[in-house]
Amino acid sequence: MYWDKTHETMDRADLELLQLARLRETLQVALNSPFYRERLQQAGVTPENISSLEDISRIPFTTKDDLRSQGQALLARPLADMVRLHASSGTTGQATVIYYTREDIATWAELLARSMYMTGLRPGDVFQNMMGYGLFTGGLGFHYGAECLGALTIPVGPGNSQRQVQLMQQFGTTAVHIIPSYALYLLTTFAHMGVDPRSLPLRLAFVGAEPHTEDVRRRIEEAYGLKAYNSYGLSELNGPGVAFECPEQKGMHVWEDHFLLEVLDPQTLKPLPPGEVGEVVLTNLSRQGMPVLRYRTRDLAAVEPGDCACGRSHRRLSRIQGRSDDMLIIKGVNIFPMQIEQVLMAMPEVETNYLVELKRENFNDLMLVKVEVREGFFKEDLRHLHALQKKITAALKSELLVTPKVELVEPQTLPRSEGKALRIVDLR
Ligand code: ADP
Ligand code: ZN
């Protein structure tokens, strides 16, 4: 049941001692990088004067801009010691580049093996990795993890949907790694090919890389007849394998022997208690080539209160609600895209794809929500369509406190992405 029982179930007190020791080691390593040498010196931080985990508040934050502008100045070892680089997918601007030593690659693989083993993946499973290979960390990260665990790995990458289905049939795929919006999209391919995904031996899906709601997870589980586990990570900290759901499916365990987790109030930057949503700030505790200290992820989540029934002592992070820079301000009201998804995906009449367009009309913000409705709906009476449109508008208004304009469209008419879904278009 555990890949690494000692570390996964370690007493909190022992885990925190280990974290403190590793934090000090990491500071020592970081001091080899020109960027951190200067930063830490300015802040008066040395490994010796960090004597408790609370002292982390004395370490300056690292931002995406630091990574972009400083580049190789973050390296704590000579470039010749690096064996790989990745770049973040650049969802929110210019990509950041991350370097790994051989040890870093091995540790990362180990963390993903631990994560997938936790959900029940075992040698003998056939793992189809439908995440992008290449600069994006999702593909190779899981690939090395699955090989480390001992699963037969199919390195197919995303896209080419018919082939995905054929590979599943041919090799008896039991586990997939897939972006949630693509998992929903792929269902239309199954339908076109006349294949019922539930008839395949699929039993596990690792879904992540983009925010998604509980309803989306349930839809994936239902349609494919499997268990879907949320997976969180970001290239700045390695890639996937930072936090992962256990069979309880009540939040993602952050691997705290390798990452120091803080959830901070984004305004005051003070720690928040469990249950309160704030900005996730992470510090590498085992990275050799390019340790990153107090990285402001801009991802918003809360620590789940209480212990997990699975016996792991590592704290759990709630679903990521979005990035702080994803927050929309419409008519002065703050809205997160996931609030919209939550309302839409709870409605059985609604298909899996939607698009939100923001416009200015007569000096006013206008939110247009385009929603694909289920096959067959357009053949129905116009009154039904109007009723559904009204129902969606009312539900969105009660959640968002802003009245959107809702447009119903036929299934498969909105643009699709094989990578992270594009849900919001701001034309203001
Ligand atoms: P980019 O920041 O360019 O998208 P990455 O590929 O490193 O680069 O993506 C990491 C980001 O993806 C995270 O910071 C987070 O915003 C998002 N993400 C990753 N996994 C999840 C997940 N399980 N749920 C929600 N968001 C996620
Ligand atoms: Zn658990």
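Start at 1 and go down the list; that is how both ligands and their atoms are numbered.
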Any nitrogen or oxygen of His212, side chain or backbone, less than 3.5 Å from one on ligand 1? no

Ignoring angles and geometry beyond distance, decide whether Thr297 reaches within less than 3.5 Å of ligand 1 through its nitrogen or oxygen atoms. no

Quick one: does ligand 1 sit under 4.0 Å from the side chain of [X], the backbone, both or neither, non-hydrogen atoms only?
X: Pro240; result: neither
X: Pro211; result: both
X: Asn230; result: side chain
X: Leu234; result: both
X: Lys64; result: side chain

Cationic tip of Arg294 above Phe61 ring, under 6.0 Å, 45° of axis: yes

Does NZ or CZ of Arg198 lie under 6.0 Å from the centre of the six-membered ring of Tyr224, at an angle within 45° of the ring axis? no

Using a strict 4.0 Å threshold on nitrogen-to-oxygen distance, state whether [X] and [Y] make a salt bridge.
X: Glu248; Y: Arg312; value: no
X: Lys270; Y: Asp265; value: no
X: Glu349; Y: Lys391; value: yes
X: Glu222; Y: Arg217; value: no
X: Lys331; Y: Asp365; value: no
X: Lys405; Y: Glu407; value: no
X: Asp125; Y: Arg203; value: yes
X: Arg298; Y: Glu279; value: no
X: Arg68; Y: Asp65; value: yes

Within a distance under 4.0 Å of any heavy atom of [X], pick out the atoms of ligand 1 and give their elements.
X: Phe136; answer: 6 (O)
X: Gly208; answer: 23 (N)
X: Ser231; answer: 20 (N), 21 (C), 22 (C), 23 (N)

Would you mind writing out the side-chain donor-acceptor pairs for residues 144-155 within the sub-3.5 Å range, not counting sequence neighbours?
residue: Tyr144; atom: OH; partner: Arg84; partner atom: NH2; Å: 3.4
residue: Glu147; atom: OE2; partner: His143; partner atom: NE2; Å: 2.7
residue: Thr153; atom: OG1; partner: Ala151; partner atom: O; Å: 3.1

Listed protein N/O/S atoms, distance to the Zn ion (ligand 2) under 2.8 Å: Cys246 SG, His253 NE2, Cys308 SG, Cys310 SG

Option set [options], criterion heavy-atom distance to [atom], minimum:
atom: atom 12 (O) of ligand 1; options: Lys420, Met338, His86; value: Lys420
atom: atom 11 (C) of ligand 1; options: Glu210, Arg323, Met252, Arg319; value: Arg323
atom: atom 17 (C) of ligand 1; options: Pro180, Ser235, Ala209, Gly419; value: Ala209

May I ask whether Gly233 has any heavy atom positioned less than 4.0 angstrom from an atom of ligand 1? yes

With a 4.5 Å cut-off on side-chain heavy atoms, are Ser115 and Ser231 touching? no

